[in-house]
Amino acid sequence: MEKKIQELYETISFLGFHATYSRDNKYVQNCQGLIPKIQEFVCWFFTDVPGLEEGVYRNLADILKDCETAFCENDHVLMMDALEQGIAGYLEMFLPEGYFEEKEIAYVGEEKETES
C-alpha cells in the first residue's frame with residue numbers, strides 16, 4: 001500500500017502543479033482517473049487504520065463529499081482544495097520517513113551541492 005500511497009500523492013501534486021502552471025481548465029476532468037485510487041485508499045484507511053479520533057474519520061468523509069460536489073459542479077477550486085489540502089494531507093501520514101528530503105535531493109540537491 002505504501003507504493004500506491006506515494007503514487008497517488010505524487011499524482012495529486014502533479015495535477016495541481018500542471019493545472020496552476022498551464023492554467024488548465026480541465027483539472028476536474030483530469031482528476032477523474034484518481035477516483036478508484038482514492039476509493040482504495042479511503043477503504044484501506046477506514047478498515048486498516050484503527051484507533052484514531054472519530055473526527056479524523058468524519059473529516060475524511062467530508063473531504064470525499066467535497067470531491068463529489070466538485071465533480072458534480074465542475075468546481076476546480078473545490079476539487080484542488082479537497083485533493084491537495086485534504087486527501088494529500090491524509091496520504092502524507094503514510095509517506096515513509098525522509099520522503100520529502102529524498103525528493104528535495106532528487107530535484108534540487110545538485111544545485112545545493114554546487115552552491116557550497
Side-chain angles (χ1 to χ4, degrees):
M1 190 64 178
E2 183 177 305
K3 183 157 179 66
K4 290 180 180 183
I5 288 172
Q6 286 181 31
E7 289 173 359
L8 181 55
Y9 181 84
E10 289 172 7
T11 302
I12 289 171
S13 296
F14 173 78
L15 288 173
F17 171 79
H18 174 73
T20 303
Y21 180 76
S22 65
R23 300 177 200 254
D24 184 356
N25 291 328
K26 296 181 182 177
Y27 181 74
V28 173
Q29 293 87 348
N30 292 340
C31 292
Q32 285 180 342
L34 297 179
I35 294 171
K37 294 174 182 181
I38 292 170
Q39 183 178 18
E40 181 181 11
F41 169 73
V42 170
C43 288
W44 172 81
F45 187 87
F46 281 128
T47 58
D48 293 350
V49 183
L52 299 175
E53 293 180 20
E54 185 179 329
V56 173
Y57 301 103
R58 257 192 315 231
N59 183 56
L60 184 53
D62 289 341
I63 292 167
L64 292 177
K65 288 177 189 174
D66 286 346
C67 288
E68 179 183 23
T69 301
F71 275 120
C72 291
E73 297 178 5
N74 198 36
D75 186 330
H76 304 287
V77 175
L78 180 59
M79 181 61 76
M80 194 174 279
D81 183 55
L83 293 181
E84 291 191 17
Q85 302 302 314
I87 298 293
Y90 279 85
L91 294 168
E92 284 178 8
M93 294 169 53
F94 303 100
L95 293 175
E97 192 165 325
Y99 173 82
F100 294 104
E101 288 83 12
E102 287 177 24
K103 294 297 177 184
E104 181 180 11
I105 290 169
Y107 293 111
V108 296
E110 294 173 10
E111 289 180 20
K112 282 187 173 183
E113 289 175 11
T114 58
E115 289 176 4
S116 301

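What you see below is based on every heavy atom in this structure, not just the backbone, and it leaves out hydrogens, waters and symmetry mates. The model shown is predicted, which means the values in this text are computed figures rather than measured ones.
Phe94 and Ile5 get closest at one heavy-atom pair: CB-CD1, 3.6 Å. In plain terms, the two heavy atoms of Asp66 and Ala82 that are nearest each other are CB-CB, 4.0 Å. Residue Cys67 comes nearest to Met79 through the heavy atom pair O-CE, 3.5 Å, listed as atom of the first residue, atom of the second, then distance. Among all heavy-atom pairs drawn from Cys31 and Leu15, the shortest one is SG-CD1, 4.0 Å. Taking each heavy atom of Glu40 and Met1 in turn, the nearest pair found is O-CE, 4.0 Å. Residues Leu83 and Tyr27 approach most closely at CD1-OH, 3.7 Å, considering heavy atoms.
Atom CG of Leu64 is separated from atom CD of Gln39 by 9.5 Å, given to the nearest 0.5 angstrom. Between atom CG of residue Asn30 and atom OG1 of residue Thr11 there is a gap of 11.5 Å, rounded to the nearest 0.5 Å. A distance of 11.0 Å separates CD1 of Ile87 from CG of Asp81, quoted to the nearest 0.5 Å.
In this pair, Phe14 and Phe17 present their aromatic rings tilted. The plane angle is within the 30 to 60° band.
Tracing side-chain contacts under 4.5 Å through hydrophobic residues (I, L, V, M, F, W, Y), one reaches Ile12 starting from Val42; they form part of the same cluster. Residues Leu8 and Phe71 share a single hydrophobic cluster, defined by chaining ILVMFWY side chains whose heavy atoms lie under 4.5 Å apart.
Side chains of Asp75 and Thr69 form no contact here, defined as non-hydrogen atoms less than 4.5 Å apart. When side chains are defined from C-beta on, Leu52 counts as touching Phe45, because their heavy atoms get closer than 4.5 Å. Contact annotation: the side chain of Tyr90 approaches that of Asn59 to within less than 4.5 Å [non-hydrogen atoms, C-beta and beyond]. Annotation: side chain of Trp44 is not in contact with side chain of Lys4 (no heavy-atom distance under 4.5 Å).
Environment of CD in Gln32: crowded, with over 12 heavy atoms of neighbouring residues, nucleotides or ligands closer than 6.0 Å. Environment of CD in Glu68: sparse, with no more than 12 heavy atoms of neighbouring residues, nucleotides or ligands closer than 6.0 Å.
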What's the verdict on side chain to side chain contact (heavy atoms under 4.5 Å, CB included) for Gln85 and Ile63, showing C-alpha distance, side-chain angles and the deciding distance? CA-CA 9 Å; Gln85 302 302 314; Ile63 292 167; over 6 Å; no
